[in-house]
2 protein chains.
Amino acid sequence: MEHNLKEFFDKALKEVSLDCTVFGFHEGELKVLLLRWKGTDGWSLPGGHILLDESADDAANRILTQRTGLNDVYLQQFYTFGNVNRYTYHPEKELLEKLEATFGKGFFDGIIFRRVVSIGYYALVEFDQVQPTPDWFTDECRWWSLADVPNLLFDHNEMIERALKALRQHTRNHPIGYNLLPEKFTMPELQRLYETILDRQFDRRNFQKLLMSYDILERLDEKRVGAANKSPYLYRFVKEKYDEAVAAGVSFSM
Amino acid sequence: MEHNLKEFFDKALKEVSLDCTVFGFHEGELKVLLLRWKGTDGWSLPGGHILLDESADDAANRILTQRTGLNDVYLQQFYTFGNVNRYTYHPEKELLEKLEATFGKGFFDGIIFRRVVSIGYYALVEFDQVQPTPDWFTDECRWWSLADVPNLLFDHNEMIERALKALRQHTRNHPIGYNLLPEKFTMPELQRLYETILDRQFDRRNFQKLLMSYDILERLDEKRVGAANKSPYLYRFVKEKYDEAVAAGVSFSM
DNA sequence: TTTTCTTTGTGTAAAATTTACGCATTGAAA
DNA sequence: TTTCAATGCGTAAATTTTACACAAAGAAAA
């Protein structure tokens, strides 16, 4: 489908797109997936258009499956970006010229560089499971540490900011971790995740107490060995209880 | 502009619309503004399309000014509705036939009954200040108590539900009232507002203590007279402090 | 093999916040 | 003048959140 862009666009909404901030957690840091546009050093978020017979949520899922190789990605719509000149926020002449050189003059005018409203989603994924895959417009797809994210095309820096804000808001009212951590993890690892997202430190004893009070975690009889210290227990989420707690909401009050 | 629909649509985004849930507070109840479509008894939320040279927020403001006579309405985008068949959720044959009779067969196909993604906003307004005004498609605009809202056209019942959810969420994390109450109000009136939105009762002594702790209210030397009981003091919001508290966020923890 | 060093596992007391509640006062209506 | 419902104000109890210390484990260093 991606090989035949014109044909694809005939079956898609042209005035609406969607963009996804894909969060992964790796080496104690939050990372996001970015794409580098062909023949340039301009980066953007993964995104795309909605097919006429497809809901926005389905489109987000389809696009993320293409970019990550994952099938059922945790997705959350958080804001719709409707400014008039969203697509010219980053008007580096040089970059635009390179794009024109690659894709042909005027090629974008009817597709990319027009008035488009974009629905913002964020996704939470297991870092290790992702196979970053570029799309038709790009030739590189890779993780970036949140702190290192460069100036992006369009309004995508603002998108990431808002996505992070929404993720933080979510984290204060719902359990988190199922989609970001591997199946088994230690309590300190879970704590790092919370600390990274909320950008705060917690007392490990109080953290453990609070998380266990949610009744969504199961401590296994295994420990993580190999480090030069006491081996910590491994935990895993009890999916049913976790889902209940997500639905009911829990306030992370620390 | 509304008199020349075709001309308007030539200058607007066709695949994107927006709909507003306008909340007012009157006689201890939350009310929403609804429009009745010409020649039918089908009701919907106020909404419209975005002009090509106008941001989504500006469009929402313009549309609400038209519907309410108010100028700077408090608006909050809360969700974008992107299902494929949003506009046929309410497929009462009889109603559709009436619409065709009024507007001409096939008239809507290119405008209303096509695949459209709709950005949902909610608005908070002072009930008494509103001049409900129908639009080109409708011939009645009036308030409905939340509890009495009928089956609406399109997916608008779902929109109201989600708007209310978003409003509740907002109320738990920010002060509220400036846009919903008249300039001067009593503490019991403010408390009713909170109780109505959150659908819970509060102890009036604790409520007063908490609200005063936010340091956003000023007690006036006036009292509301006329009722068969002790006259309560009047309060008003100190706009600057209120805005600060909105920006910083306060947790309404009762 | 022993020692060292870092990290984990666990429980309790203090502080802060939230909840519960009583009584005197006001003002219109009876 | 009395009655009655609602307001204004303050304190005690309950709950939640925060702070904090010491023993044990396990790899690495000596």
Side-chain angles (χ1 to χ4, degrees), chain A residues 27-28 171-175 177 181-182 184-196 198-236 245 248-254, chain B residues 27-28 171-175 177 181-182 184-196 198-236 245 248-254:
Chain A
E27 292 176 345
T171 304
R172 279 186 219 101
N173 298 302
H174 304 269
L181 293 172
K184 300 174 182 180
F185 50 86
T186 67
M187 193 57 79
E189 283 163 3
L190 181 58
Q191 184 173 343
R192 295 298 159 265
L193 175 62
Y194 269 84
E195 291 180 335
T196 304
L198 296 177
D199 197 24
R200 294 176 47 207
Q201 304 289 111
F202 305 110
D203 181 283
R204 70 196 164 82
R205 290 152 291 189
N206 294 336
F207 181 85
Q208 162 135 359
K209 252 182 291 182
L210 184 59
L211 267 286
M212 291 311 282
S213 79
Y214 296 157
D215 192 30
I216 57 176
L217 285 167
E218 174 185 21
R219 188 167 89 174
L220 307 176
D221 285 331
E222 300 172 67
K223 300 189 170 193
R224 166 139 311 154
V225 292
N229 52 36
K230 184 168 176 179
S231 320
Y233 283 106
L234 287 172
Y235 293 79
R236 80 171 150 218
V250 298
S251 81
F252 182 80
S253 49
M254 283 194 101
Chain B
E27 291 175 345
T171 304
R172 279 187 219 99
N173 297 303
H174 304 268
L181 294 173
K184 301 173 182 181
F185 49 86
T186 67
M187 194 57 79
E189 282 163 5
L190 181 56
Q191 183 173 344
R192 294 297 159 267
L193 174 63
Y194 269 84
E195 290 180 334
T196 304
L198 296 177
D199 197 24
R200 294 176 45 208
Q201 303 290 110
F202 304 110
D203 181 281
R204 72 198 162 80
R205 292 151 291 189
N206 294 334
F207 181 84
Q208 162 137 358
K209 252 180 293 180
L210 185 59
L211 267 286
M212 291 311 281
S213 79
Y214 295 159
D215 191 32
I216 56 176
L217 284 167
E218 174 185 20
R219 189 168 87 176
L220 307 175
D221 284 331
E222 299 173 68
K223 299 190 171 193
R224 166 142 308 157
V225 292
N229 52 37
K230 184 170 177 177
S231 320
Y233 282 106
L234 287 172
Y235 293 79
R236 80 169 150 219
V250 298
S251 82
F252 182 81
S253 48
M254 282 193 104

M254(B) has an atom CE; how far is it from atom P of dT16(D), in whole Å?
-> 16 Å

Base-contact (B) and sugar-phosphate-only (S) positions in nucleotides 21-30 of chain D, heavy-atom cut-off under 4.0 Å, - elsewhere | B--BBBSS--

In short, L193(A) meets G177(A) closest at the heavy-atom pair CD2-CA, 3.7 Å

Do you know the tightest heavy-atom contact between P175(A) and I216(A)?
-> CB-CD1, 3.7 Å

side-chain contact (heavy atoms from CB on, under 4.5 Å) involving P188(A) - partner list, sequence neighbours excluded = T186(A), R192(A)

To the nearest Å, give me how far apart CG (N206(B)) and C1' (dT11(D)) are.
-> 12 Å

Hey, does M187(A) reach any base, or is it just sugar-phosphate, or nothing, if we go heavy atoms under 4.0 Å?
-> nothing

Quick one: does R200(B)'s side chain have a donor or acceptor within less than 3.5 Å of a partner on M254(B)'s backbone?
-> yes

Round to a whole Å and report the spacing from CG of D203(B) to P of dA12(D).
-> 17 Å

Starting from C1' on dG8(D), measure out to CD on Q191(B) and report it in whole angstrom.
-> 13 Å

Check: residues 224-235 of chain A side-chain donor-acceptor pairs under 3.5 Å, at least two apart:
{"unit_1": "R224(A)", "atom_1": "NH1", "unit_2": "E189(A)", "atom_2": "OE1", "d": "3.0"}
{"unit_1": "R224(A)", "atom_1": "NH1", "unit_2": "E189(A)", "atom_2": "OE2", "d": "2.3"}
{"unit_1": "Y235(A)", "atom_1": "OH", "unit_2": "Q208(A)", "atom_2": "NE2", "d": "3.4"}

For E218(A), what residues pass the side chain to side chain donor-acceptor pair (under 3.5 Å) criterion, not counting sequence neighbours?
-> R236(A)

List in chain and number order the residues that pass side chain to side chain donor-acceptor pair (under 3.5 Å) with N206(B), two or more places apart in sequence or in another chain; answer none if no residue qualifies.
-> K209(B)

Of the residues in residues 207-220 of chain A, which ones touch DNA chain D at a heavy-atom distance under 4.0 Å?
-> K209(A)

First and last nucleotide of DNA chain C in contact with chain A, 5' to 3', at under 4.0 Å to a heavy atom: what are they?
-> dT6(C) to dT12(C)

All side chain to side chain donor-acceptor pair (under 3.5 Å) counterparts of K184(B), not counting sequence neighbours = E222(B)

Who pairs with R205(B) by side chain to side chain donor-acceptor pair (under 3.5 Å), at least two apart in sequence or on another chain?
-> D203(B)

ring-ring contact (aromatic ring centres under 6.0 Å, His included) contacts touching residues 203-225 of chain B (sequence neighbours left out) = Y194(B)-F207(B)

For S253(A), which contact category applies under a 4.0 Å heavy-atom criterion: base, sugar-phosphate, or nothing?
-> sugar-phosphate

Roughly how many Å is it from CD in Q201(B) to P in dA6(D), rounded to a whole number?
-> 13 Å

Smallest separation among heavy atoms of G28(B) and T196(B), with atom names = O-OG1, 3.4 Å

